[in-house]
Student: 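Quick one: structure below, then a few questions.
Letters A, B, ... are given to chains in the order of the sequence lines, protein chains preceding strands, and every chain is numbered from 1.
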Number of protein chains: 2
Amino acid sequence: MNRSKDVLSQSILFSGLPEQDIAALTAIAVEKPVAPGELIFSEGDPGDGFYVTLEGMIKVYKLSTEGKEQILHMFGPGEPFGEVPVFSGKAFPASAEGVKKSRVLFFPRKAFRDLITTNPSVAMNMLAVLSRRLRNFTIQVENLSLKEVPARLAGYFLLQAEEQKNPDTITLNISKGQLASFLGTIPETLSRMLRKMSEQGLVEVQGRIIRLLDRPGLEDLAEFGKMED
Amino acid sequence: MNRSKDVLSQSILFSGLPEQDIAALTAIAVEKPVAPGELIFSEGDPGDGFYVTLEGMIKVYKLSTEGKEQILHMFGPGEPFGEVPVFSGKAFPASAEGVKKSRVLFFPRKAFRDLITTNPSVAMNMLAVLSRRLRNFTIQVENLSLKEVPARLAGYFLLQAEEQKNPDTITLNISKGQLASFLGTIPETLSRMLRKMSEQGLVEVQGRIIRLLDRPGLEDLAEFGKMED
DNA sequence: AACAGTTTTTGACATAAATCAAGGAAACAG
DNA sequence: CTGTTTCCTTGATTTATGTCAAAAACTGTT
């Protein structure tokens, strides 16, 4: 039942690699189960390797001194995380833990760096992964600094609708509390905004199922962020 | 007077490259003067290459629909920028313009990708550059989401003191308005915070010269972000 | 079905920072 | 220098969102 090879050969990082290279990779990698809420690494840890999510979902986050959490990324199957220390030479800039029951694959730093120097296509894939992540960060900074919570929320819904390829209904794959943390706010505020959006007929909320009733309205909200009360 | 080679051979990206490779690089690159306020590229532009700052200072930023600006990075001599589209295949996620009279070097996408596939050490350097940038972004997100303006400002001062290797006096190399935009706030707020910090004896402000009078106090402020009025 | 635990919602209130408006200082060009 | 433009500061006010406290709605478990 070793599906790690399948996940890897499908992943952004290793797609296009010949069968035998994948085999060599799985040989140097260590698989690890992760329980919900279990810490994988902490901000400040040295970081002598990186991970690929095989199954489940991993969050990467920061905590304020008062305990507020900001989620930086959520990673599903096939997605690598924790690569920054491998190339920057510095410690993990954030912490990672499982959001649900998960499995991850750990790749030791040296073995992976060796692979990259001999295999330009892996290097190119890694560059693409990091570039895409930088892109996402620019959007996250833009959201936090230039947009208000309703606009971020509307943007999130529209993005999810695309990813879930369903233009008018999405299902949250994380709790509302986690969503609040991802959007840079707190559960109370998120709850209030959801109610407001419902009252205005933009969405209909049933637990984790969100029906998008007014896409033009949501698109407008995501861009201009104004909501008349 | 072609110092581009010198700047390149000193740069993070090309350090360690043999003389002849640097020469080959400058052969494919195009030098371009940039006036203060001159646009280099805009968010959404295709991006068929990236840049290295030779001289001066370049800012990369986002604008809100209402015109507020958030600066994402400031790049000085030797620093590359605009690489994301080269590897992600997508458009520029932000815009770039000169802050002062500058010179930049443009590298066409294809030539650079070719260089990387044949030259693992350049690939590794680029990975290091992108990783470091990701690191900075996590800090920026943390600042925007988990810290208040006084804490960000104190953190900025301490960072500058380090970079300028002078523990008790720093000189701003950008205007206060630009600093506000970098910290994710507006000039009015920045001005008020500076006054407050002066009143509390944390710093002394004389134009662009900031004297750090109370490092422990500033460090505390940067971490906990509380300032009694 | 009932319990303990968590997650979500709601209300009243506090506050950091944005906005609006205007005056002052500094930098720059002629 | 001297006028003009840009940058910076200050005050009064508004607003979005965080805080605190408590109730309500789920979740899964014996």
Student: Tell me which nucleotide among C:dT19, D:dA21, C:dT8 gets nearest to the side chain of B:Ile186.
Tutor: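 So the side chain of B:Ile186 is nearest to C:dT19.
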Student: Between D:dT17 atom P and B:Leu144 atom CG, what is the distance in whole Å?
Tutor: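 Spelled out: CG on B:Leu144 to P on D:dT17 is 14 Å.
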Student: Once you round to the nearest 0.5 Å, how far does CD1 of B:Ile40 lie from CZ of B:Phe106?
Tutor: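 Nearest 0.5 Å value for the CD1-CZ distance: 11.5 Å.
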Student: Working to the nearest 0.5 Å, report the span between CG of A:Leu172 and CD1 of A:Ile210.
Tutor: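 CD1 of A:Ile210 is found 4.5 Å from CG of A:Leu172.
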Student: Of the options C:dT9, C:dC20, C:dA17, whose atoms approach the side-chain atoms of B:Arg192 most closely?
Tutor: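 Nearest to the side-chain atoms of B:Arg192, counting from C-beta on, is C:dC20.
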Student: So with a 6.0 Å cut-off around CD of B:Glu162, is the heavy-atom count from everything else above 12?
Tutor: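 Counting other residues, nucleotides and ligands, CD of B:Glu162 stays at 12 neighbours or fewer.
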Student: A:Met193 has an atom CE; how far is it from atom P of C:dT10, in whole Å?
Tutor: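 Atom CE in A:Met193 sits about 13 Å away from atom P in C:dT10.
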Student: The side chain of A:Pro187 lies closest to which of these nucleotides: C:dC20, D:dT17, C:dT9?
Tutor: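 The closest nucleotide is C:dT9.
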Student: Does C:dA18 have OP1 or OP2 under 4.0 Å away from a side-chain N or O of B:Thr189?
Tutor: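 Result: yes.
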Student: Rounded to whole Å, how long is the line connecting atom CD1 of A:Ile209 with atom P of D:dC26?
Tutor: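 After rounding, the gap between these two atoms is 12 Å.
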Student: With respect to B:Arg133, which candidate in B:Glu79, B:His73, B:Glu83 satisfies the side-chain hydrogen bond (donor to acceptor under 3.5 Å, both in side chains) definition?
Tutor: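 Only match with B:Arg133 under side-chain hydrogen bond (donor to acceptor under 3.5 Å, both in side chains): B:Glu83.
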Student: Tell me whether the OP1 or OP2 atom of D:dT10 has a side-chain N or O from B:Arg195 closer than 4.0 Å.
Tutor: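 Answer is yes, contact under 4.0 Å.
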Student: When you measure only distances, ignoring hydrogens and angles, does the side chain of B:Gln178 come within 3.5 Å of the base of D:dC7 through a donor and an acceptor?
Tutor: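 Answer no: no donor N or O sits under 3.5 Å from an acceptor.
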Student: B:Glu148 side chain: which of C:dA17, D:dC20, D:dT17 is closest?
Tutor: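 Of all the options, the side chain of B:Glu148 is nearest to C:dA17.
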Student: How many whole angstroms separate atom NZ of B:Lys196 from atom P of C:dA17?
Tutor: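 About 8 Å, once rounded to whole Å.
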Student: Going by the side-chain hydrogen bond (donor to acceptor under 3.5 Å, both in side chains) test, name the single residue among A:Glu97, A:Gln178, A:Gln70 that passes it with A:Tyr61.
Tutor: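 Per the side-chain hydrogen bond (donor to acceptor under 3.5 Å, both in side chains) rule, the option paired with A:Tyr61 is A:Glu97, out of A:Glu97, A:Gln178, A:Gln70.
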Student: What is the distance, rounded to the nearest whole Å, between atom CG of B:Leu153 and atom P of C:dA17?
Tutor: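 Taking CG of B:Leu153 and P of C:dA17, I get 11 Å after rounding.
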Student: Taking atom C1' of C:dT9 as reference, at what distance in whole Å does atom CG of A:Leu194 sit?
Tutor: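 Value for this atom pair: 11 Å.
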Student: For C:dT19, take OP1 and OP2 only and decide whether either is under 4.0 Å from a side-chain N or O of B:Lys68.
Tutor: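 B:Lys68 to C:dT19 OP1/OP2: no side-chain N or O under 4.0 Å.
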Student: Taking only N and O in the side chain of A:Ser175, is any of them less than 4.0 Å away from OP1 or OP2 of C:dT6?
Tutor: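 No, because none of the side-chain N or O atoms of A:Ser175 sits under 4.0 Å from OP1 or OP2 of C:dT6.
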Student: May I ask you to evaluate whether B:Ser191 reaches the phosphate of D:dC8, defined as a side-chain N or O under 4.0 Å from OP1 or OP2?
Tutor: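 No, B:Ser191 has no side-chain N/O under 4.0 Å of OP1/OP2 on D:dC8.
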Student: Looking across every strand, which nucleic acid part, if any, lies under 4.0 Å from A:Gly184 by heavy atom: base, sugar-phosphate, or nothing?
Tutor: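 Counting heavy atoms under 4.0 Å across all strands, the contact made by A:Gly184 is with sugar-phosphate only.
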Student: Round to a whole Å and report the spacing from CG of A:Leu183 to P of D:dA16.
Tutor: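 Whole-Å distance recorded here is 18 Å.
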Student: Find the distance B:Glu66:CD to D:dT15:C1' and express it as a whole number of Å.
Tutor: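 Going from CD in B:Glu66 over to C1' in D:dT15 covers 14 Å.
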Student: Of A:Arg152 and B:Arg208, whose closest DNA chain D nucleotide lies nearer the 5' terminus?
Tutor: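 In this pair, the answer is B:Arg208.
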